[in-house]
Amino acid sequence: MKTYPYLIFPLLGLLVVSCKSPSVKISADFDKGSIGNMTETNSNHLSGSTQHWLKRDGIGDQYYWFYFKADQVKNKRVIFELKDLKGVYRETPHIVYTDYTQPVYSYDQKHWKRIKNVKYDTSTYTFVFSERFEEEPVWIAYAHPYPTSRLDELLEKVKSSEYAKISKLARTKEKRDISLVHITDHETPAEDKKNILILALQHAGEDAGGFMAEGIIQFLLSEAKEAVSARARFNYFIVPMMNPDGIFNGTSRYNMKMEDLNNIWLEDDKKQPEVTGLKNWADSWLSAGNDIDLFIDIHNHTQFHQYNVFIFQDHELDSLVTIMDKFWPIRIWHSEFKGSSCSYFYGRDIPSGTIELSQSHLGDGNYLTIEDYLSFGKGAVLALNEFYFD
Ligand SMILES: [Zn+2]
């Protein structure tokens with residue numbers, strides 16, 4: 001009888017341990033993964049922050065992208081609390097989260113659903129979201145991720161097309177290639193072809209732009225009759241991923257030298273291989289007597305507005321907005337601000353525009369999907385066909 005208390009307490013302890021759910025495990029050491037410290041403050045309640053990235057000159061703090069894997073979540077409702085969601089952009093406070101922000105989750109990193117249970121506290125810059133998970137592990141991201149591996153798979157397919165040629169423009173700090181995809185019907189003589197240069201993913205956390213560029217490439221290589229005529233009448237030059245180092249490491253904006261690629265096109269003292277490579281290509285294309293008829297730089301704005309924006313200063317492009325409006329599932333607005341890549345081409349008398357895609361909702365309660373982002377690419381090709389030739 002003397003041994004009884006010594007026996008019962010360890011047994012009770014075992015019972016308590018076995019009833020407590022195993023703690024949620026968070027990791028982000030994969031292509032495009034990124035998260036700050038997260039701790040489980042209560043059972044199934046994780047609290048922490050995203051990773052903040054400070055710009056090379058100290059004037060810039062980009063913080064909004066996150067993409068992590070959570071394990072030991074099956075059959076649990078897990079609450080995630082991200083604090084300190086406030087940064088600096090162009091020396092002014094930068095806040096992108098709202099109650100419209102819906103992160104995405106996936107059990108296979110391919111099929112994504114939105115997390116609808118969200119709340120953003122504007123006074124503390126804290127974003128709280130929760131979801132009940134049926135499987136594990138689960139991957140959770142600010143928005144549909146476009147990792148470097150997705151581009152690698154796309155380029156593998158593109159390589160075998162008779163209509164595409166891939167060249168390398170530059171190597172990054174971390175030895176990744178910047179690829180340029182040239183699509184046309186190489187059998188058709190070049191004289192009358194329009195030359196379109198399209199750039200995506202200068203900013204690493206603007207992933208929908210990568211899907212739009214992929215949508216352009218996929219559609220141009222298809223056998224649809226509009227694709228056949230586009231190949232006969234255009235040279236498409238597409239850089240689908242301008243910032244692979246930033247993408248791989250999950251920065252919100254910068255490359256791995258912590259430079260903002262879209263701000264340095266006119267500043268030679270800040271040159272980076274990604275930008276220099278494309279400038280050199282454009283210079284040699286132009287100095288060989290060729291034209292660039294249009295330059296388009298694809299970005300994303302927030303998860304707030306239900307419209308895309310097309311930003312340009314050349315009023316000859318006004319009707320392009322009207323035409324794109326017909327082919328896109330959300331409205332398009334015209335604005336007149338321009339980034340330094342557009343200024344660079346505009347300075348060479350090349351009509352230039354920035355597209356800022358929304359990653360948000362359609363206005364009817366439904367949120368944009370990867371299919372929608374891909375359809376922006378197809379819509380752009382259809383619109384350019386009509387703009388130049390109908
Ligand atoms: Zn951008």
Side-chain angles (χ1 to χ4, degrees), residues 31-32 65 67 100-116 118 131 135 138-158 161 164 181 183 198 200-201 203-227 230 236 238 240-241 247 296 298-310 323-333 355-386:
D31 189 357
K32 204 160 176 26
W65 177 258
Y67 181 20
Y100 287 99
T101 306
Q102 292 194 352
V104 295
Y105 71 101
S106 170
Y107 301 117
D108 61 6
Q109 295 175 286
K110 288 192 173 65
H111 304 89
W112 298 88
K113 286 184 182 171
R114 296 275 187 164
I115 294 175
K116 301 198 175 298
V118 300
E131 185 64 47
E135 304 289 338
V138 64
W139 284 266
I140 303 172
Y142 167 76
H144 306 88
Y146 198 97
T148 63
S149 58
R150 181 159 178 135
L151 179 67
D152 294 342
E153 285 164 30
L154 175 69
L155 294 182
E156 259 325 291
K157 286 183 210 152
V158 167
S161 168
V181 181
I183 300 176
I198 296 173
L201 289 174
H203 294 144
E206 301 184 10
D207 295 53
F211 291 107
M212 177 172 167
E214 181 176 314
I216 292 171
I217 292 170
Q218 275 181 359
F219 184 70
L220 283 173
L221 296 181
S222 75
E223 289 309 319
K225 69 176 192 313
E226 299 93 339
Y236 272 90
I238 303 152
M241 186 179 285
I247 299 266
I296 296 178
I298 308 171
H299 293 252
N300 290 129
H301 61 76
T302 60
Q303 290 202 40
F304 182 68
H305 299 296
Q306 63 200 64
Y307 52 79
N308 293 338
V309 189
F310 198 161
I323 300 168
M324 277 192 182
D325 221 11
K326 295 196 305 192
F327 294 111
W328 280 359
I330 56 177
R331 296 304 306 270
I332 178 167
W333 283 22
I355 289 176
E356 295 274 0
L357 300 175
S358 172
Q359 291 163 307
S360 194
H361 56 109
L362 295 155
D364 60 0
N366 288 314
Y367 269 65
L368 291 161
T369 64
I370 288 176
E371 288 307 311
D372 291 321
Y373 302 139
L374 292 168
S375 81
F376 294 152
K378 175 183 172 181
V381 175
L382 297 178
L384 289 169
N385 271 357
E386 192 171 319

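Because only heavy atoms are used, hydrogens play no part in the values below, and waters and symmetry mates are left out as well, while side chains stay in.
- Within the model, atoms CD of Glu135 and OH of Tyr107 stand 6.5 Å from one another, a figure rounded to the nearest 0.5 Å.
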**Request:** I would like to know whether Tyr373 and Gln359 meet side chain to side chain contact (heavy atoms under 4.5 Å, CB included); could you show each step before the answer?
**Result:** CA-CA 9 Å; Tyr373 302 139; Gln359 291 163 307; 3.6 Å; yes
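- Ion pairing between a basic and an acidic side chain is recognised when a charged N comes within 4.0 Å of a carboxylate O; Glu131 and Lys116 show no such pairing.
- Counting only N and O atoms by type, the side chains of Tyr146 and Glu214 include a donor and acceptor under 3.5 Å apart.
- Between the Asn300 side chain and the Asp207 main chain, a donor and an acceptor come within less than 3.5 Å of each other.
- Ile355 and Met212 make their closest contact through CD1-CE, 4.0 Å (heavy atoms, listed as atom of the first residue, atom of the second, distance).
- Atom-to-atom distance recorded for Trp328:CH2 and Ile323:CD1 is 12.0 Å, nearest 0.5 angstrom.
- Ring centers of Tyr67 and Tyr142: at least 6.0 Å apart, outside the cut-off.
- Residue His144 is tested with Asp372, Leu368, Ile370 for a side-chain contact (heavy atoms from CB on, under 4.5 Å); the sole match is Ile370.
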**Asked** Would Val381 and Glu226 count as a side chain to side chain contact (heavy atoms under 4.5 Å, CB included) if you check the C-alpha gap in whole Å, the side-chain angles of each, and the deciding distance to 0.1 Å?
**Response** CA-CA 8 Å; Val381 175; Glu226 299 93 339; 6.0 Å; no
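- For the atom pair OG of Ser161 and CG of Leu220, the computed distance is 10.0 Å after rounding to the nearest 0.5 Å.
- Using a distance-only test at 3.5 Å, with no hydrogens or angles considered, no donor-acceptor pair links the side chain of Ser106 to the main chain of Trp112.
- Closest approach of Ala383 to Met324, counting heavy atoms only: CB-CG, 3.5 Å.
- Of the possible donor and acceptor atoms, none in the side chain of Trp65 sits under 3.5 Å from a partner among the backbone N and O of Ala141.
- At least one side-chain heavy atom of Ile298 sits under 4.5 Å from a side-chain heavy atom of Leu357.
- For His299, the ring-ring contact (aromatic ring centres under 6.0 Å, His included) criterion is met by His203, not counting sequence neighbours.
- Summarising the geometry of Ala164 relative to Leu221, their closest heavy-atom pair is CB-CD2, 4.2 Å, with the distance given to 0.1 Å.
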**Message:** Show, in sequence, the C-alpha distance, side-chain angles and deciding distance for Ile216 and Ile238, and conclude whether the side chain to side chain contact (heavy atoms under 4.5 Å, CB included) test is met.
**Reply:** CA-CA 9 Å; Ile216 292 171; Ile238 303 152; 3.8 Å; yes
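- Taking all atoms of both residues into account, the shortest heavy-atom contact from His305 to Ser358 is O-OG, 2.6 Å.
- The backbone N or O of Gln102 sits less than 3.5 Å from a side-chain atom of Gln303, completing a donor-acceptor pair.
- The shortest side-chain heavy-atom distance between Glu386 and Phe327 falls under the 4.5 Å cut-off.
- The distance from the CD atom of Glu356 to the CD1 atom of Ile332 is 11.0 Å, given to the nearest 0.5 Å.
- Using a 4.5 Å heavy-atom threshold, the side chains of Gln306 and Leu362 count as separate.
- Taken to the nearest 0.5 Å, the CZ atom of Arg114 stands 10.5 Å off from the CG atom of Asn366.
- The existence of a salt bridge linking Arg150 and Asp31 is excluded, since no basic side-chain nitrogen approaches an acidic carboxylate oxygen closer than 4.0 Å.
- Taking the centre and axis of the six-membered ring of Trp139, the NZ or CZ atom of Lys110 falls outside the cone set by 45° and 6.0 Å.
- Applying the ring-ring contact (aromatic ring centres under 6.0 Å, His included) rule to Phe310 yields the partners Phe312; only residues at least two apart in sequence or on another chain are considered.
- Contact annotation: the side chain of Phe376 approaches that of Asn308 to within less than 4.5 Å [non-hydrogen atoms, C-beta and beyond].
- The closest side-chain heavy-atom distance from Val309 to His301 is below 4.5 Å.
- Proximity of Glu371 to Phe211: side-chain heavy atoms (C-beta onward) are nowhere separated by under 4.5 Å.
- Of all non-hydrogen atoms in Ala200 and Pro240, the two that sit nearest each other are CB-O, 3.6 Å.
- Atom CD in Glu223 sits 10.5 Å away from atom CZ in Phe219 (nearest 0.5 Å).
- Ring pair Tyr100/Phe304 is perpendicular by interplanar angle, where above 60° counts as perpendicular and below 30° as parallel.
- Val181 has its side chain within reach of Leu155: a pair of non-hydrogen atoms, C-beta onward, lies under 4.5 Å apart.
- Heavy-atom minimum distance, Lys32 versus Pro145: CD-CB, 4.2 Å.
- Using a 4.5 Å cut-off on side-chain heavy atoms (C-beta onward), Leu374 and Gln218 make contact.
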